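Everything on this sheet refers to the single structure shown next.
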Amino acid sequence: MNFKIPTELFCDSKCISKHKTVFSKFGKRALIVTGSHSAKQNGSLKDVEEVLNELKIHYSIFDSIKENPSIENILEAVNANRTNVPDFVIGIGGGSPLDASKAIALMLANPSRGSDILYHSETLPNLPVIAIPTTCGTGSEVTPYSILTIHNSRTKASISHHIFPKYALIDPDYLLSASADLIKNTLTDALGHLIESYINTRSTNISRMFCEKGFRLWNQCDHITNFKSLTYEERETLMLCSSLAGMAIAHTGTSLPHGMSYPLTYEHAIPHGKAVGTFLASYLGHADEIDRQFILQQLGYDSCESLGDRIRQYIGIVTISSYEIEFSIAALMKNEKKLANCPYKVDESILRDIYNQSVILS
Ligand code: NAP
Ligand code: FE
């Protein structure tokens, strides 16, 4: 059995300035990778700029990372920085900018190569990455994954390279600007990581330890009464639950609900957490009785139906056509990694069952 999380994590109020020495470890030129609005809104970008200026680290900013970033979006950032290659990359934002920062760090470290390296299995260097999360779901700050949209295949997939950030700097106050819907969607993604890691052929006693604590933290988050006005303790619990869930999938990967979510997000622009949450109760419903009961008990639910009702209160319900279901089933049956992670036998009829229990047919 082994377990590897090489990312050093700090979780604190005023985390960036408290741990500013982290930024001077990798050189004198940084690239900040972020989305167009939220990092300006919640102060995370300003906090990083202040520290970099104080440390006399030159930096440029790429602030055009889109939700569910595509390979083309990564190339935009890479092309803008090819002549002045940075020493390290700082990702600020939700999972989209954090995942993007890993792919950009890979491509900038291999300047003579094209985007084909993203999905090519070979050992390649990458620039160091510092990850600063501002949502509470993906755990990307502690995972090696970078999930990109591939327009040619009309879906999303993780790149072939495992790139753990060197540091994760978590400040729960960056959640202050997040809407209640964003918190609920990303909290549901974290639940997906916990359930899909626990119910997984690659789970071990060590990875399950992260899930077990994660389930208890998720249960605490589930008791939050006002997602529009979170206390510091609530924000911290949301962030820690997300990071623990990230540590669990860093070891196991995810399984069917994530595999089923990607075409849903591609075709309907459904946010990641909502797309994953759609399938969770049914995925759990098909799992081994002992594991299922354990998870339900830790989360504080007496059945998959009541957990499913709660998840739908958070994320709503998705409507798709039977044509799309059949198309997605055919795609998933070819997704060897997601199928291999599922501990029960998966065939087309089980997948059809999960869809029928989870969505409304248009
Ligand atoms: P996201 O796509 O990064 O961001 C969603 C939206 O929330 C964006 O409009 C963003 O604005 C905004 N936002 C972010 N932080 C905010 C804040 N504090 N206050 C207000 N608005 C804020 O959302 P996400 O759910 O965190 O990430 C989803 C992505 O992560 C997907 O691509 C998914 O596949 C990936 N993912 C990765 C892993 C992994 O292990 N690497 C695991 C699960 C999911 P801006 O655009 O202005 O920033
Ligand atoms: Fe996820």
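One-based numbering, in listed order, for ligands and for the atoms of each. This one's a predicted model, so the numbers in the text were calculated from it and none came from an experiment. Note that these values count all heavy atoms, side chains included, but never hydrogens, waters or copies made by symmetry.
Between His258 and Phe279, the distance separating the two ring centers is not shorter than 6.0 angstrom. If you look at Phe3 and Phe210, their ring centroids are closer than 6.0 Å.
Less than 4.0 angstrom separates some heavy atom of His37 from each of these atoms of ligand 1: 47 (O). Ligand 1 places these atoms under 4.0 Å from at least one heavy atom of Pro97: 3 (O). Close approach of ligand 1 to Gly94 is summarised as follows: ligand atoms under 4.0 Å from at least one heavy atom of the residue are 3 (O), 26 (O). Set against the non-hydrogen atoms of Asn42, the atoms of ligand 1 under 4.0 Å away are 17 (C), 18 (N).
Closest to atom 24 (P) of ligand 1 among all protein heavy atoms lies Gly95 N, 3.5 Å. Atom 26 (O) of ligand 1 has as its closest protein heavy atom Thr135 OG1, 2.6 Å. Of all protein heavy atoms, the one lying nearest to atom 44 (C) of ligand 1 is His272 NE2, 3.1 Å. Looking only at heavy atoms of the protein, atom 40 (O) of ligand 1 is closest to Thr143 OG1, 2.7 Å. Taking atom 1 (P) of ligand 1 as the reference point, the nearest protein heavy-atom neighbour is Ser96 OG, 3.5 Å. Remark: minimum distance from atom 9 (O) of ligand 1 to any protein heavy atom is reached at Glu67 OE2, 3.1 Å. In terms of protein heavy-atom proximity, atom 25 (O) of ligand 1 is closest to Thr186 CG2, 3.5 Å. Of all protein heavy atoms, the one lying nearest to atom 42 (C) of ligand 1 is Thr138 O, 3.4 Å.
In the model, Glu49 has a side-chain atom that pairs as donor or acceptor with a side-chain atom of Tyr59 under 3.5 Å. When only modelled atom types and interatomic distance are considered, Arg216 and Asn219 share no side-chain donor-acceptor pair under 3.5 Å. Side-chain polar atoms of Asn335 and Tyr262 form no donor-acceptor pair below 3.5 angstrom. Between the side chains of Glu141 and Ser243, a donor-acceptor pair is found at a separation under 3.5 Å. Using modelled atom types and a 3.5 Å distance limit, the side chains of Asp222 and Tyr314 yield a donor-acceptor pair.
Considering backbone and side-chain atoms together, His193 places no N or O closer than 3.5 Å to any N or O of ligand 1. In terms of polar-atom proximity, defined here as any N/O pair under 3.5 Å, Ser38 does make such a contact with ligand 1. At a 3.5 angstrom cut-off on N or O pairs, Lys156 counts as close to ligand 1. When only interatomic distances are considered, the shortest N/O to N/O separation between Tyr262 and ligand 1 does not fall below 3.5 Å. Inclusion of Ser177 in the set of residues having an N or O under 3.5 Å from an N or O of ligand 1 is warranted.
Here the angle centred on the Fe ion (ligand 2), running from NE2 of His258 over to NE2 of His193, is 90°, rounded to 10°. At the Fe ion (ligand 2), the vertex angle linking NE2 of His272 with OD1 of Asp189 is 90° (nearest 10 degrees).
Across every non-hydrogen atom of Asp173 and Tyr232, the tightest pair is OD1-CD1, 3.4 Å.
Atom 37 (C) of ligand 1 has its nearest heavy-atom neighbour, among Asp189, Asp99, Ile183, Thr134, in Asp99.
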### Verdict with supporting geometry, Ser207 and Thr204, side chain to side chain contact (heavy atoms under 4.5 Å, CB included)
CA-CA 5 Å; Ser207 69; Thr204 64; 3.6 Å; yes

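Listed for the Asn73 side chain is a donor-acceptor partner under 3.5 Å among the backbone atoms of Ser64. Side-chain atoms of Asp63 do not come within 3.5 Å of backbone N or O of Thr34 as any donor-acceptor pair.
Neither the backbone nor the side chain of Asn185 has any atom closer than 4.0 Å to an atom of ligand 1 (non-hydrogen atoms only).
Within a 6.0 Å radius of NZ in Lys18, more than 12 heavy atoms belonging to other residues, nucleotides or ligands are found. The number of heavy-atom neighbours closer than 6.0 Å to NE2 of His120, taken from other residues, nucleotides and ligands shown, is 12 or below.
Residue Ser36 places a heavy atom under 4.0 Å from ligand 1.
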